[in-house]
Amino acid sequence: MVGALIGALVTVGGLGWRPTAQPGTVAFDGIDLTIVYTGIWPGLYGPTHQNGCVEPQLAFLPSGDRPDCPAHLTGGQQYGFGVFMMGAPTKVSEVFVNVSIDSPIPIFGYFCGYSDPPPSPALSWNLSEGLPTGAGCGLGVLLTVPDPAPSVPGGLWFQASMTVHVV
């Protein structure tokens, strides 16, 4: 009888106990970006297929600005980082972009540091925006990595597509 009571207490007490463990990390390998160019200046933001975290995004600037994607994401942590750096050269009338990002983790998308109105986190985010001549801006994401971090064979990738029309 005493043994059964102790066994029941251990079993019931164990239901609320969770071992503490490191949240773990997942490699963030980048953004699989496909760009379609239309209009008068193809190639403005680099190759038509690229890792958006590696290629310079403002090819017309000598510095070749790059986004600031992290290499590893830790479970339970929040991250905000640039995805695309965009600008319109002074030699054109306007650059119009249509961007979509798909993520395995819900994200907030933001343009020029804000979103109007702030969207709910989602697995997909879209933007259509015109940039007048000489203007520049950045598109970024904000996400919270699940705790523990997901196990993603081959690393975590975002899928993105961008149509760029230059006039």
Between V97 and S128, is the side-chain contact (heavy atoms from CB on, under 4.5 Å) condition met? List the steps.
CA-CA 6 Å; V97 295; S128 292; over 6 Å; no
Determine whether N51 and L33 satisfy the following criterion, side-chain contact (heavy atoms from CB on, under 4.5 Å), listing intermediate values before the conclusion.
CA-CA 6 Å; N51 179 347; L33 170 62; over 6 Å; no
Using side-chain contact (heavy atoms from CB on, under 4.5 Å), reason through T163 and F96 one step at a time and then give a plain yes or no.
CA-CA 8 Å; T163 300; F96 187 84; over 6 Å; no
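Below 30°, between 30° and 60°, or above 60°: for F81 and F28 the angle between ring planes is between 30° and 60°, a tilted geometry.
A donor and an acceptor atom, one from each side chain of T74 and T25, are nowhere located under 3.5 Å apart. Side chain to side chain, H49 and T34 meet the donor-acceptor criterion of an N or O pair below 3.5 Å. No hydrogens or angles considered: nothing links the side chains of N98 and H165 as a donor-acceptor pair under 3.5 Å.
Of the inter-residue distances, the one linking L44 atom CG with L131 atom CG reads 9.0 Å to the nearest 0.5 angstrom. Rounding to the nearest 0.5 angstrom, the gap separating the OG atom in S161 from the CD1 atom in I31 is 12.5 Å.
Side-chain contact between D29 and C53: absent, with no pair of heavy atoms (C-beta onward) separated by less than 4.5 Å. A 4.5 Å side-chain heavy-atom check between M162 and I35 finds at least one atom pair inside the cut-off. Side-chain contact between L156 and L73 is present, with at least one heavy-atom pair separated by less than 4.5 Å. Residues I40 and V167 fail the side-chain proximity criterion, which asks for heavy atoms closer than 4.5 Å.
In this structure, I101 is a member of the same hydrophobic cluster as V152, with clusters built from ILVMFWY side-chain heavy atoms closer than 4.5 Å. A chain of hydrophobic side-chain contacts below 4.5 Å, direct or via other Ile, Leu, Val, Met, Phe, Trp or Tyr residues, connects Y79 to V141. Note: the hydrophobic cluster containing V99 does not contain W157 (ILVMFWY, side chain heavy atoms under 4.5 Å, direct or indirect links). The cluster map of Ile, Leu, Val, Met, Phe, Trp and Tyr, joined by side-chain heavy atoms under 4.5 Å apart, puts L143 and L123 in different clusters.
Counting only distance, with no hydrogens or angles, the side chain of D102 and the backbone of S124 share no donor-acceptor pair below 3.5 Å.
What you find for G75 and D147 is that their closest heavy atoms are C-CB, 4.1 Å. Of all heavy-atom pairs between I107 and W125, the closest is CD1-CB, 4.3 Å.
Between Y45 and Y37, the distance separating the two ring centers is not shorter than 6.0 angstrom.
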